[in-house]
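Data block below; observations after.
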Amino acid sequence: MGVEIRRIRADDAETLKRTRLALLSDSPTAFGSNLERELAFTDDAWAERAVGSSAGPTRSTFLAFDGNNVVGIVGGLR
């Protein structure tokens with residue numbers, strides 16, 4: 001079937017949270033944030049990270065899926 005890469009959607013907020021926290025736990029120095037900071041995010045904050053704020057999107061995040069498994073993530077900030 002192959003890997004599917006797509007921009008995250010509002011319903012991907014929980015997947016984004018789970019993936020991001022796992023990455024920060026595994027590779028804490030690879031990102032511009034840390035696990036402690038992101039563990040404190042509310043569900044609303046994760047939802048906003050998934051779809052952007054009401055002022056317009058300031059970030060783009062893409063997930064790579066192999067079936068139901070996330071195998072990659074990339075993001076950019078404006």
Side-chain angles (χ1 to χ4, degrees):
M1 184 169 172
V3 174
E4 173 194 7
I5 299 171
R6 64 174 168 77
R7 189 172 185 169
I8 61 172
R9 306 177 299 233
D11 62 340
D12 289 322
E14 182 60 34
T15 302
L16 174 62
K17 176 183 177 179
R18 188 174 51 253
T19 302
R20 184 83 174 149
L21 294 178
L23 290 168
L24 287 166
S25 179
D26 181 64
S27 303
T29 60
F31 301 94
S33 187
N34 62 60
L35 182 60
E36 182 178 307
R37 176 179 177 265
E38 295 198 16
L39 280 170
F41 288 172
T42 64
D43 287 343
D44 287 342
W46 285 108
E48 184 174 311
R49 289 174 70 99
V51 297
S53 71
S54 59
T58 59
R59 69 179 73 236
S60 294
T61 304
F62 295 82
L63 296 173
F65 292 89
D66 185 1
N68 290 326
N69 299 314
V70 176
V71 295
I73 185 171
V74 65
L77 297 170
R78 176 171 52 119

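Atom set for the values below is all heavy atoms of this structure, side chains included, hydrogens, waters and symmetry mates excluded.
To the nearest 0.5 Å, atoms CZ (Phe31) and CD (Glu38) are separated by 9.0 Å. Atom NZ of Lys17 sits about 11.0 Å away from atom CZ of Phe41, to the nearest 0.5 Å. Expressed to the nearest 0.5 Å, how far CG of Asp43 lies from CD of Glu14 amounts to 7.0 Å. To the nearest 0.5 angstrom, Leu63 atom CG is 11.5 Å from Arg7 atom CZ. One distance of note links CZ of Arg18 with CG of Asp12; it measures 9.5 Å at 0.5 Å rounding.
Of the listed residues (Asn34, Leu39, Leu35), just one forms a side chain to side chain contact (heavy atoms under 4.5 Å, CB included) with Leu24, and that residue is Leu35.
In this structure, Leu23 is not a member of the same hydrophobic cluster as Val71, with clusters built from ILVMFWY side-chain heavy atoms closer than 4.5 Å.
Across every non-hydrogen atom of Ala47 and Ala13, the tightest pair is CA-CB, 3.8 Å. Taking every heavy atom of both residues into account, Ala50 and Arg9 meet most closely at CB-O, 3.7 Å.
With contacts defined as side-chain heavy-atom distances shorter than 4.5 Å, the pair Ile73/Leu16 qualifies. A 4.5 Å side-chain heavy-atom check between Val70 and Phe65 finds at least one atom pair inside the cut-off.
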